[in-house]
There are 2 protein chains.
Amino acid sequence: MNDVAAAAGVALKTVSRVVNNEPGVNASTAERVHAAIESLGYRRNDGARTLRRGRTASIGLVIEDVADPFYSGLSRAVEDIALAEGCLVFTGSSGEDPARERELVLAFCARRVDGLIIVPAGTDHDYLTPEVEAGIAAVFADRPPGAGPDADTVVCDNAGGARAGTEHLLAHGHRRIAFLADAPSIFTAAERLRGYREALATAGLPYDEGLVAMGRPDQARVLADLRRLLRLADPPTALFTGNGQITVATLRALAGTAGPAPVRQAPSSGPVAIIGFDDFEPADLLGITVIAQDPAGMGRAAAELLFRRLSGESGPPQRLELPTRLVVRGSGERPPA
Amino acid sequence: MNDVAAAAGVALKTVSRVVNNEPGVNASTAERVHAAIESLGYRRNDGARTLRRGRTASIGLVIEDVADPFYSGLSRAVEDIALAEGCLVFTGSSGEDPARERELVLAFCARRVDGLIIVPAGTDHDYLTPEVEAGIAAVFADRPPGAGPDADTVVCDNAGGARAGTEHLLAHGHRRIAFLADAPSIFTAAERLRGYREALATAGLPYDEGLVAMGRPDQARVLADLRRLLRLADPPTALFTGNGQITVATLRALAGTAGPAPVRQAPSSGPVAIIGFDDFEPADLLGITVIAQDPAGMGRAAAELLFRRLSGESGPPQRLELPTRLVVRGSGERPPA
DNA sequence: GGCGCGTTTGACAACGTTGTCATCACCTCT
DNA sequence: AGAGGTGATGACAACGTTGTCAAACGCGCC
């Protein structure tokens, strides 16, 4: 900027004015400055600008894994809104590791992002309190924060969705419905379990722990649990799977593309009914009935909340609960064998 | 930092030394400083640090769309390597719009990112030349840049993959193979078309333009083209689809979940054979034979190239071509009807 | 002619760091 | 005792901007 000023024969401040389109610069002067900028290939240093002005025009987004379609949909929505607000986005994947979540968040804070959107991996967010007090806005998405500062939160109606899915299976005559999901320490999994139990209770059915399998969402665990479930003396006639990854893993296990030995269902029974929480790309091709949520909608809602805070809106923290939608495609409408 | 210095009764510079773990600070002094940092909740301002030191320890990643599984896989790999290098990542989706690509890249440059990884949407990258001359490292991924600075590039063996896929169909007796892909203006699509043509030529078969349908990867276009192809007097007995999105759209069209009227194949023929370029999440469940590439591997390769440049490696721009892999799952092995 | 006013411009400090160099106390060696 | 070395600390400028304030200028008006 100094060089530009020298080249144009004006003061530093005048260049600054031109660069920022501030009024009160003579047209011919501005012309000279523009010429100098052009010829020197000058580009404003936004880092210095940020230092001086206090706002960085950037936000941090911490999700579980960008490579998961659910979170990448959410990411894209956040990005779009941020760009429209003239804001850039730092993205980081925590991989469900609280330490990495913390590391990322604090690194973003050290960069003085204006705000954060966080899908919490850990349950302790006390480390955020000083940052929030220092003026960094935070919005939690998909899961509420654990201990820590009160902040806006966007979740989906996990329990309601699970209830609807379970009720749908019940309505089709199923009485033995297995529930396969993430570890119960994860908020969404716990909530979905709650919805499942509520639906059973409302229908007057007992809650059988033997039909519930929660844990890591990887193929091996799902395969083992599914094998156990289908070998029960009184096996389930329907499965409710607790997220997209687990649904796919389950389908793989059933199709026999998962491991050395395919999971065999009792020979007497027909194909098991299945409903999955979360829609996934070609669920329609596979004819899988799902409880769909809207990742992009969640990203939009979180980003909108954040930017509302950034533009000065105060008031108590909000908690938004987005609805889910039952999408009927066949797999959830098979009758019990 | 000033406040911390005052609270600890030391000079600014001593605090700086403590914060940066520089040697030559008395243990007891350091202790006092740490206590002051703790009690004031001080966190270093990386923006100022950056301004002083010249390196921002951040990179920019411009892809076509984070929500596309191919690019989100690539993203995640880039993120992981960057984090290991102590670097944060700005992510932006261009949505195949050259203007938005430019806008994002220039915004990243104004933030003085150390380097860029770009999946080019446009064909003109002259706008990058001054930035590269100013010292910002750039690596292109998935597609080479158009006009613009010479820079490292990572692509996959598009032509080779398409050749292998086409040859596989030929080996199974197909003589009428349709090719559905992205618009030919997109590098990968053009290369894959080249591979397809080479395979035909090697087999001594004529190239029939009527069997080629290129354009936007959306459902409506694919549906229309597929309908046209299957109504030909001499219809294709096999399809080669040019990327993940188009493969899924094609499967939808064939399954009839795509639009009002399902695409009907000639009643006399069996189901058409199909091979897709790009693996996609449940392709195994659907039994779709694919030419797989490795998005994470591409991200890793691009990030490694970038960080090698950032650590000072010079030399002419490199061009890496990653191999593809034929994954046999059934859909590509059906004989012609 | 002198005054006030608006427009254009510039000098300077400040943002929060870090690199350079100087200072100072203390110790060891001759 | 004095020279020289070592370790700890601090003063100050600089990074590239922008906000504040003041100066300089031209103009119309009393």
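The shown structure was predicted, so the numbers you read here are calculated from the model rather than taken from an experiment. Below, read A as the first sequence line, B as the second, and so on, with proteins coming before strands; counting in each chain starts at 1.
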**Message:** Does D:dG16 have its OP1 or OP2 closer than 4.0 Å to a side-chain nitrogen or oxygen of A:R44?
**Reply:** no
Donor-acceptor contacts under 3.5 Å from residues 94-105 of chain A side chains, at least two apart:
residue : atom : partner : partner atom : Å
A:S94   : OG   : A:I63   : O            : 3.3
A:S94   : OG   : A:E96   : N            : 3.2
A:E96   : OE1  : A:R143  : NH1          : 2.7
A:E96   : OE2  : A:R143  : NH2          : 3.2
A:D97   : OD1  : A:A99   : N            : 2.8
A:R100  : NE   : A:S93   : O            : 2.8
A:R100  : NH2  : A:S93   : O            : 3.2
A:R100  : NH2  : B:D80   : OD1          : 2.8
A:E101  : OE1  : A:A121  : N            : 2.6
A:E101  : OE1  : A:G122  : N            : 2.8
A:E101  : OE2  : A:H125  : NE2          : 2.9
A:E101  : OE2  : A:Y127  : OH           : 2.6

**Request:** Quick one: list whatever passes salt bridge (Lys or Arg N to Asp or Glu O under 4.0 Å) with B:D114, sequence neighbours left out.
**Result:** none
Value in whole Å for how far the [atom2] atom of [N] lies from [atom1] of [X]:
| X | N | atom1 | atom2 | value |
| --- | --- | --- | --- | --- |
| B:K13 | D:dC12 | NZ | C1' | 11 Å |
| B:N2 | C:dA14 | CG | P | 11 Å |
| B:R53 | C:dG19 | CZ | C1' | 10 Å |
| A:N45 | C:dT17 | CG | C1' | 14 Å |
| B:L12 | D:dA8 | CG | P | 20 Å |
| B:L51 | D:dC15 | CG | C1' | 4 Å |
| B:R49 | D:dA14 | CZ | P | 21 Å |
| B:M1 | D:dG10 | CE | C1' | 13 Å |

Closest non-hydrogen atom pair between [X] and [Y], with its separation:
| X | Y | value |
| --- | --- | --- |
| B:P130 | A:R43 | CG-NH2, 4.2 Å |
| B:A296 | B:A77 | O-CB, 3.3 Å |
| B:S75 | B:V66 | OG-CG1, 4.1 Å |

**Request:** Check whether any side-chain heavy atom of A:D150 sits under 4.5 Å from a side-chain heavy atom of A:P316, and report yes or no.
**Result:** no
**Request:** Check DNA chain C against residues 14-29 of chain A and give the residues with a non-hydrogen atom under 4.0 Å, in numerical order.
**Result:** A:T14, A:R17, A:G24, A:V25, A:N26, A:T29
